[in-house]
Amino acid sequence: MSARGETLLWLAQRASAAVLALCVTVHLATMVYAIQGGLSAAEILGRTRGHWGWLAFYATFVAAVAVHAPIGLRPVLGEWLGWRGASRDVVLAALALVLGGLGMRAVLGVFG
Amino acid sequence: MKGHPGYWAFLVHRVSGVLLTLFLPAHFIALGSALEGAAALDGFLAWTALPAVKFAEWGIVVLLAAHLAGGLRVLLLEFLPWRDWQKTLAALAAAASLGVGLAFALALAV
Amino acid sequence: MDALRVRVWRGAAEGAFQAFEVPRQASQTVLDVVTTIQRVLDPSLAYRFACRVGMCGSCAMTVNGVARWTCRTHVDQVARDGQLEIAPLRNLPVIRDLVADMSPFFDKWARAEGRFRGARTRHDDFERIAPQSAPRRAVDAGIECIGCAVCYASCDVVAQNPEYLGPAALNRAWTLHNDLRDVARRERLRAVAGDAGCHACHTQMGCTERCPKQLTPTASIAGLKRAAAKAWLAGEL
Ligand code: SF4
Ligand code: SF4
Ligand code: FES
């Protein structure tokens with residue numbers, strides 16, 4: 001890929017990483033707190049249903065993941081599987097869409 | 001070159017990232033079942049109460065914590081001026097993920 | 001006197017280790033050992049050195065599995081149970097015995113625009129650069145490179161991606177990027193951005209761990225990544 005494309009990917013990767021650093025910290029803290037005494041759907045949904053703050057938070061989280069994971073996978077595929085070139089980028093773009101799609105479906109599912 | 005702290009930090013970061021990417025679709029699909037109502041989600045959660053699944057969950061949380069710590073290491077190395085404290089960083093990353101793993105294990109146990 | 005058991009690589013890509021017994025001396029360096037072998041035991045051994053004092057960067061070899069400058073590496077530091085294994089540098093073609101072909105290494109310096117390009121002539125005044133300014137200090141941090149390729153031989157990314165410019169060339173590019181007299185900084189950034197350049201580095205720090213001059217190519221490469229991102233945002237890449 002061109003110098004410019006590679007630089008853009010790097011920027012996107014670091015920007016999404018910064019967002020994820022915050023999201024993951026919050027998510028981990030919530031989990032450690034929520035898991036106590038077991039999980040129930042009522043409890044999870046009670047926390048998230050109709051709550052715009054959680055909706056915004058998890059929507060941001062999912063968007064950042066959809067950017068971050070495919071870019072991160074790119075060099076792994078290149079170096080460990082020798083898969084480079086356009087086909088790799090097409091598949092990774094599809095992965096971004098799948099992650100974003102499934103993620104948003106889940107977010108909307110627990111929102112309402 | 002293998003076997004120095006930077007290499008291990010890199011390897012853990014990469015492997016945890018790949019595993020998390022594989023796990024995510026499953027995680028999203030499970031939560032998405034909330035769309036079909038609380039009963040479906042509860043059915044899924046009952047399954048997660050099995051000890052083996054609990055153990056796997058614990059593993060995923062540790063992976064997430066490790067990937068976070070490794071990522072912070074890279075961000076600090078790339079954006080802050082540094083000289084000699086990179087090994088300290090790798091150690092801090094390991095300690096932080098261990099800490100989260102323990103906290104989650106405790107929370108699971110109670 | 002103790003003898004040191006030394007296994008030395010003979011041949012090129014194909015070859016084998018040959019065993020020698022070399023008398024142990026006080027304050028003996030690995031280069032002394034190789035020199036003893038060539039002068040006394042087997043004159044056909046090929047190896048390379050020049051300054052013997054850590055300035056020229058020509059004597060690097062793989063010693064017990066680790067790339068090192070042999071003229072400044074004492075046998076005491078590296079021998080294991082009185083044994084040494086000496087091989088040519090990794091990640092470079094082998095010409096013969098301990099001599100690695102440095103052409104790919106230096107070709108990459110050229111590809112990374114590793115040469116100064118100024119605009120002034122002898123008729124112009126000097127450029128005034130404050131010694132304490134940030135760019136000048138960044139230059140200082142990377143300028144002492146002796147071109148030994150120890151970092152290059154220690155980098156996993158070089159091993160996996162033969163196109164990768166490698167830590168030394170990128171470190172060089174970073175010092176020039178911070179040289180305010182240089183007029184080719186934009187071209188240089190274009191040359192070093194991308195997956196054969198700074199973006200291929202995984203911040204694994206093999207180079208920084210091993211550089212005998214205690215440079216930190218990893219930090220220079222991170223600097224190039226930031227510089228490339230800045231240039232991209234400004235539409236200048
Ligand atoms: S920090 Fe970068 S250049 Fe240095 S050894 Fe690691 S991957 Fe190679
Ligand atoms: S950066 Fe260090 S290890 Fe690499 S060539 Fe220069 S002096 Fe040698
Ligand atoms: S001989 Fe010159 S650096 Fe070792």
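Within every chain, numbering begins at 1; the chains are lettered A, B, ... in the order of the sequence lines, protein sequences first and strands thereafter. All values reported here derive from a predicted model rather than from experimental measurement. Just so you know, these numbers use all the heavy atoms, side chains as well, and skip hydrogens, waters and symmetry mates.
Across all their heavy atoms, R74(A) and D195(C) have their closest contact at NH2-OD2, 4.5 Å. Contact record, P75(A) with H202(C): CB-CE1, 4.2 Å, taken as the closest heavy-atom pair. Smallest separation of non-hydrogen atoms from Q160(C) and R84(A): O-NH2, 4.4 Å.
With a 4.5 Å cut-off on side-chain heavy atoms, T7(A) and L189(C) do not count as touching.
Taken from CD in Q13(A) to NE2 in H199(C), the straight-line distance is 11.5 Å, to the nearest 0.5 Å.
Other residues, nucleotides and ligands contribute only 12 or fewer heavy atoms inside 6.0 Å of the CZ atom of R4(A).
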